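Side chains are part of it too, since the values below use all heavy atoms of this structure and drop only hydrogens, waters and symmetry mates. Numbers here are sequence positions counted from 1. Computed from a predicted model, the values in this text were never measured in an experiment.
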Amino acid sequence: MKVNKKIIPTSIIYILFFLTIMSFFNIKLISNLINYYYIYLYGFFSIILIFFVIKERNFKINTNYFSIYFIYVVLLVFCYFLNNVPLGNLLIMLCMPLYLFVFENIEIDTKSIKVMFFALLILFGYLLSTLVKNNGVYIYNPNTIAQLILYIMILSNYYFKYSKKNIMVVLIFNMLSFYAIYKTNCRNLLAVSLIYLIILYIVPKNILKNVKIQKILFISIIIVSIIIPVFFSYLYVHKSVLNINILFSSKSIFSGREKIWTVCINAIQKGNNIITGSNPNNYLENIYKLGYLNYNPHNISIGILVNYGILIFILFYTILYNFYNKNKINEKNVYLKYGICMVLLAGCFENIIFLETFNFMFCLMFLGLNRKEVN
């Protein structure tokens, strides 16, 4: 009897996806267990999927990519022991390129896409109901909820392509998503979701399909992710912080992130830390003194630089850009491509891809990006 080659990857994707969904339903015992063990399953399944792809020989060997990844892994492990970086962070940095590689070389059928789409809509309905019902009393940190809704918004717009929902249904869903992020009062994600809506409904598709524009946008966001914390840190250090409120929000553009960024930037500037990163013990105490009980750099690029240094920073984004840029844009993935850019834009203010459940959702975007039509 012939074994269906899609069973193994589809089952693993289902397991990780539904554990992600369940972890956000705030079922105390179950959610806590999932959040505690998820990172180990995330790491373990990445290895299983890599062995599966190698066994099936469904890929073309790219010598340059494997050379880059090998150097990347060696430097990561070196910085991990040198700086005593948390294990969970290391696993995400190691395994994320593996998932991107696997998702480039496996297929998932349309039925599975629709099942995940339906599950996302249930989670979205749950989150929206809690935001409306509790009116400011959040089941999670409001920034976390806003990030999750942004993921749901982007993935759902891709999944809508595989359903027969009309334009009005999609429009209502997108407006509800924007409203839900507004209810969290998360100014950064509100701005990003507004930009995404402009891309969906205002920017002509012939402009969006321009390959040069995609590349420029991706690279520009990476540059901006460095400029923003440096600029805000400069304002903070020179006491130039102005009380400017965000449109549609009661909050100032200065949220306290500039204080964390200043500590991290100072840590990078010491000695050779810009090359190899800094031991968290050398700067966490200064962050705790600011009143923050946990370390969240609120910026993807600063998080990589302070923990691993500029070489890993360059290699990480080189690998990410390689996967982003491989596939040609088409009618079904155009908004997913720009959705990836929106997540990275949100990463200028949030640690949006370094929570393991969020990281898997980020990788799912690349599964959709690389996906061929499979019934």
Side-chain angles (χ1 to χ4, degrees), residues 141-143 146-147 150 181 184-196 198-199 213 215-278 280 282-284 286-292 294-314 316-318 320-321 338 340-354:
N141 182 298
N143 288 346
Q147 292 171 61
L150 179 67
I181 293 175
T184 67
N185 206 17
C186 180
R187 72 217 98 170
N188 307 312
L189 272 297
L190 188 67
V192 171
S193 62
L194 179 60
I195 294 171
Y196 186 61
I198 291 172
I199 290 172
I213 289 177
K215 292 179 179 180
I216 291 171
L217 179 63
F218 186 98
I219 295 170
S220 297
I221 289 172
I222 306 308
I223 296 171
V224 167
S225 71
I226 295 297
I227 292 175
I228 286 176
V230 171
F231 175 69
F232 276 76
S233 176
Y234 175 86
L235 293 180
Y236 173 68
V237 170
H238 291 82
K239 309 301 180 185
S240 302
V241 177
L242 302 176
N243 188 23
I244 304 173
N245 285 347
I246 294 290
L247 187 65
F248 303 123
S249 174
S250 62
K251 292 185 176 182
S252 166
I253 61 173
F254 299 98
S255 61
R257 285 171 174 78
E258 67 278 359
K259 300 176 184 179
I260 297 174
W261 292 337
T262 299
V263 171
C264 292
I265 291 170
N266 288 338
I268 294 169
Q269 290 175 335
K270 292 179 181 178
N272 295 321
N273 290 350
I274 187 62
I275 303 298
T276 59
S278 176
N282 296 334
Y283 61 85
L284 281 180
N286 292 326
I287 291 178
Y288 296 152
K289 286 179 180 177
L290 296 173
Y292 300 98
N294 64 340
Y295 169 58
N296 183 346
H298 291 285
N299 181 287
I300 296 170
S301 296
I302 289 296
I304 296 173
L305 282 168
V306 76
N307 285 318
Y308 302 101
I310 194 168
L311 297 178
I312 289 295
F313 171 85
I314 293 171
F316 177 84
Y317 281 118
T318 298
L320 190 59
Y321 179 75
Y338 285 92
I340 290 170
C341 287
M342 291 304 99
V343 171
L344 294 178
L345 183 61
C348 295
F349 300 94
E350 304 293 347
N351 209 27
I352 192 168
I353 66 172
F354 286 115

Inset, instruction - I would like to know whether Thr262 and Tyr234 meet side-chain contact (heavy atoms from CB on, under 4.5 Å); could you show each step before the answer? - result: CA-CA 8 Å; Thr262 299; Tyr234 175 86; over 6 Å; no
Inset, instruction - Output the distance between atom CG (Asn188) and atom OG1 (Thr184), rounded to the nearest 0.5 Å. - result: 10.0 Å
Legend entry - Distance, nearest 0.5 Å, that separates SG of Cys348 from CD1 of Ile300: 7.5 Å
Legend entry - Donor-acceptor pair, side chain of Trp261 and main chain of Pro297, under 3.5 angstrom: yes
Inset, instruction - Drop me the distance from Ile260's CD1 to Asn296's CG, to the nearest 0.5 angstrom. - result: 6.5 Å
Legend entry - Residue pair Ile312 / Tyr317, side-chain heavy-atom distance below 4.5 Å: no
Inset, instruction - Compare every heavy atom of Gly303 with every heavy atom of Val306, then report the nearest pair and how far apart it is. - result: CG1-O, 3.6 Å
Inset, instruction - Quick one: pull up CG in Leu311 and CG in Leu305 and give me the separation to the nearest 0.5 Å. - result: 10.0 Å
Legend entry - Mutual orientation of the aromatic rings belonging to Phe349 and Phe232 [parallel < 30°, tilted 30-60°, perpendicular > 60°]: perpendicular
Legend entry - Main-chain N/O of Ile302 paired with Asn299 side-chain donor or acceptor, under 3.5 Å: yes
Legend entry - Exam field: side chain Thr276 to backbone Asn273, donor-acceptor pair closer than 3.5 Å: no
Legend entry - Side-chain heavy-atom pair Leu344, Cys341 within 4.5 angstrom cut-off: no
Inset, instruction - Would you indicate whether the side-chain heavy atoms of Ser233 and Lys259 approach each other to under 4.5 Å? - result: no
Inset, instruction - Using a 4.5 Å cut-off on heavy atoms from C-beta on, say whether the side chain of Gln147 contacts that of Val343. - result: no
Side-chain polar contacts of residues 215-225 - donor-acceptor pairs under 3.5 angstrom, sequence neighbours left out - could you list them?
unit_1, atom_1, unit_2, atom_2, d
Ser220, OG, Ile216, O, 2.6
Ser225, OG, Ile222, O, 2.5
Ser225, OG, Ser301, OG, 2.6

Legend entry - Tyr321 atom OH, neighbour heavy-atom count above 12 within 6.0 Å: yes
Inset, instruction - State, yes or no, whether a side-chain contact exists between Val192 and Leu150 at a heavy-atom distance under 4.5 Å. - result: yes
Inset, instruction - Might you point out which heavy atoms bring Ser193 and Leu190 nearest each other, and give the distance in Å? - result: OG-O, 2.8 Å
Legend entry - Nearest-0.5 Å distance that lies between atom NZ in Lys270 and atom CD1 in Ile268: 11.5 Å
Legend entry - Value rounded to 0.5 Å, distance of CD1 in Ile198 from OH in Tyr338: 14.0 Å
Legend entry - Min side-chain heavy-atom separation Glu350-Asn143 under 4.5 Å: yes
